[in-house]
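Each chain gets a letter, A, B and so on, in the order the sequences are listed, and its residues count up from 1. Please read all numbers here as calculations on a predicted model, not as lab measurements.
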Amino acid sequence: QVQLQESGPGLVKTSQTLSLTCTVSGDSMTSANFYWSWIRQPPGKGLEWIGYVYSSGSTYYNPSLQSRVTMSVDTSKNQFSLKMTSVTAADTAVYYCARNLDYWGQGTLVTVSS
Amino acid sequence: QSVLTQPPSASGTPGQRVTISCSGSSSNIGSNYVYWYQQLPGAAPKRLIYRNNQRPSGVPDRFSGSKSGTSASLAISGLRSEDEADYYCATWDDSLNGPSFGGGTKLTVL
């Protein structure tokens, strides 16, 4: 059974860059043509797709966040990453990584504060 | 504003059957599989239904999914107090070239 685990700082200062990594276990990221996503959920609100990356490195981002988001993959470590620049309080959320829409990590809370 | 439309709330009494709807368009629900998730307070979303009506192992058969045209539904029969949670629908959106989600439905067991 594939498992995903998010990691990264829980507190990021306003205007700085948020960086998270998702480590995949139980299967190789290259075993099939899955897409590897980042999804977030602000406190008390719904789910928002941020973007996804294929094991080839191809990326697709939500148009509403595209200008601030970069995703990458390291298949040798079975990891993929998210960077979001110029963060504000509105980016405070639980960030989830996921494989397609099937398997999700437990999520990590990132708080943006000055 | 979510791409998929769900009622913000639903309720039922123990033992009842409750349905939650999810409305979309031809570019999302109309042409792709629908997923349903249950989210308990403080927890990550748990996959209840995939590919419109398939249940992962361990999900009780009280939960069932269906899809017709550009809409989908989640039905919960034999409602229990532990079913009180937020429920989300999701699917791929061809226009967005990515996944889209419903706004979530808060289910209250009276």
Side-chain angles (χ1 to χ4, degrees), chain A residues 1-7 10 20 22-24 26 32-54 56 58-66 69 71 80 82 90 93-111, chain B residues 1-9 20 22 24 27-29 32-59 65 67 72 74 85-107:
Chain A
Q1 174 109 340
V2 65
Q3 293 185 313
L4 298 93
Q5 178 68 56
E6 305 87 352
S7 60
L20 295 174
C22 181
T23 301
V24 181
N33 194 32
F34 300 118
Y35 63 92
W36 303 89
S37 291
W38 287 98
I39 297 159
R40 70 179 182 179
Q41 184 173 34
K45 297 189 178 181
L47 300 163
E48 179 182 32
W49 167 62
I50 300 171
Y52 60 85
V53 60
Y54 286 103
S56 64
S58 298
T59 55
Y60 295 87
Y61 304 134
N62 188 320
S64 67
L65 297 168
Q66 185 170 0
V69 169
M71 293 182 185
F80 62 105
L82 167 70
V94 175
Y95 285 76
Y96 297 100
C97 58
R99 190 192 83 174
N100 288 8
L101 288 172
D102 291 306
Y103 294 98
W104 294 49
Q106 65 184 25
T108 186
L109 174 63
V110 177
T111 302
Chain B
Q1 193 83 7
S2 300
V3 174
L4 307 179
T5 301
Q6 295 181 238
S9 64
I20 297 172
C22 177
S27 69
N28 43 62
I29 291 178
N32 295 286
Y33 289 124
V34 176
Y35 293 72
W36 287 94
Y37 302 91
Q38 177 193 62
Q39 187 174 36
L40 297 170
K46 170 190 173 183
R47 188 179 55 154
L48 284 180
I49 298 289
Y50 66 101
R51 294 191 176 186
N52 302 334
N53 55 18
Q54 301 299 300
R55 281 187 308 277
S57 60
V59 174
K67 172 183 145 178
L74 172 71
D86 293 326
Y87 292 84
Y88 292 90
C89 59
T91 187
W92 184 266
D93 192 306
D94 296 332
S95 296
L96 187 61
N97 198 20
S100 58
F101 296 95
T105 298
K106 184 175 184 62
L107 175 64

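Nearest approach of B:R47 to A:D102, heavy atoms of both residues: NH1-OD1, 2.7 Å. What you find for B:A44 and A:Y96 is that their closest heavy atoms are CB-CE2, 3.4 Å.
With respect to chain A, the highest number of heavy-atom pairs below 4.5 Å among B:G103, B:P45, B:A90, B:G104 belongs to B:P45. The greatest number of non-hydrogen atom pairs below 4.5 Å with chain A, out of B:Y33, B:Y35, B:Y50, is found for B:Y35. The candidate from A:Y52, A:Y60, A:Y35 with the greatest count of non-hydrogen atom pairs under 4.5 Å with chain B is A:Y52.
Annotation: the span from A:L47 atom CG to B:D86 atom CG amounts to 9.5 Å, rounded to 0.5 Å.
Contacts of A:N100 with chain B are absent, with no heavy-atom separation under 4.5 Å from either backbone or side chain. Residue contact with chain A, scored on non-hydrogen atoms closer than 4.5 Å, involves the side chain of B:Y37 exclusively. Contacts of A:W49 with chain B are made by both backbone and side-chain atoms, with heavy-atom separations under 4.5 Å. Neither the backbone nor the side chain of A:L109 comes within contact range of chain B; no heavy atom of the residue lies under 4.5 Å from a heavy atom of that chain. Neither the backbone nor the side chain of A:Y61 comes within contact range of chain B; no heavy atom of the residue lies under 4.5 Å from a heavy atom of that chain.
In this structure, A:Q66 places its CD atom where more than 12 heavy-atom neighbours from other residues, nucleotides or ligands lie under 6.0 Å away.
The contact list for residues 93-101 of chain B toward chain A, using heavy atoms and a distance under 4.5 Å, reads B:L96, B:N97, B:G98, B:P99, B:F101 by residue number.
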